[in-house]
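Every value quoted in this text rests on a predicted model; they were computed, and no experiment measured them.
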Amino acid sequence: GKMDDHQVQEVVRKSECGGKRLIEGKFISHKKRAAVQGRDIVRWRLVGMEFNDSERSDCFAATPGIAVARILLSQAATMRSRAGHHRCVIAVHDARVAFFQASMDEEMYLIPPAEVCDSSQCWILHKALYGARRASKLWQKHWQKVLEENQYESAVTDASLYHLPAPNDEDDGVDVGVHGDDFFFT
């Protein structure tokens with residue numbers, strides 16, 4: 001499955017988890033209408049159940065303000081490139097299994113549901129998992145690193161707004177706003 005494809009976890013003996021950061025996991029279902037077949041489908045997701053039991057300042061992930069949406073829409077509707085071309089393009093991209101892209105930066109173990117593995121085993125997490133308190137922050141660090149490695153520049157006013165300068169003087173480049181696992185390009 002997708003967890004194996006992204007090397008999210010590794011099975012270890014439960015005796016190795018003693019005294020370590022340990023959370024429980026459970027399956028949740030989500031029903032949605034399939035666009036192609038026009039019928040309901042059910043998707044299952046394994047989530048960690050890490051609860052807020054202490055104050056942590058390392059869990060915050062930026063959420064763009066309404067100003068980011070206004071900037072991107074305004075640019076798409078009104079801006080023209082230096083060559084005079086109208087910039088009327090907005091592309092939306094949803095990152096699939098977003099948290100599985102983000103590597104863990106602390107040691108965390110998960111007790112998976114009984115349907116998944118033997119009761120003498122647990123998992124060490126190598127990637128962020130839905131339900132872990134730091135998952136959103138780790139995902140944000142991941143996409144920021146990817147954008148910056150690809151020459152995108154962060155806006156001074158908002159950590160979720162980036163700009164890629166054009167390679168020539170005939171265009172204004174590309175702007176991207178990020179909200180969770182959704183990317184909005186103009």
Considering only distance and modelled atom types, tabulate donor-acceptor pairs under 3.5 Å from the side chains of residues 89-99, sequence neighbours left out.
none

Test of understanding: with side-chain hydrogen bond (donor to acceptor under 3.5 Å, both in side chains), list the residues that count as partners of H6, not counting sequence neighbours.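 Counting only residues at least two positions away or on another chain, H6 forms a side-chain hydrogen bond (donor to acceptor under 3.5 Å, both in side chains) with Q101.
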Who passes side-chain hydrogen bond (donor to acceptor under 3.5 Å, both in side chains) against S160, sequence neighbours left out?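 Here the qualifying residues are D158.
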ILVMFWY clustering at 4.5 Å (side-chain atoms), partners of I66: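 Via sub-4.5 Å side-chain contacts, I66 links to none.
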Quick one: hydrophobic cluster around Y109, which other residues, with the 4.5 Å side-chain cut-off, linked directly or via members?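 V12, L22, I111, I124, which link up through side-chain heavy atoms under 4.5 Å apart, make up the rest of the cluster.
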Qualifying disulfide (SG to SG under 2.5 Å) pairs with a residue from residues 128-159, counting only residues at least two apart or across chains: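 Listed by first then second residue: nothing to list.
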Just to verify, what does E10 make a salt bridge (Lys or Arg N to Asp or Glu O under 4.0 Å) with, not counting sequence neighbours?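 Here no residue qualifies.
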Please identify each residue that fulfils side chain to side chain contact (heavy atoms under 4.5 Å, CB included) with [X], with sequence neighbours left out.
X    : answer
T157 : A155
Q151 : L164
D5   : none
M3   : V8, Q9, L46, F100, W123, L129

Going by the side chain to side chain donor-acceptor pair (under 3.5 Å) test, which pairs reach into residues 138-149, not counting sequence neighbours?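 Those involving residues 138-149 are D105-K141, E148-Y162.
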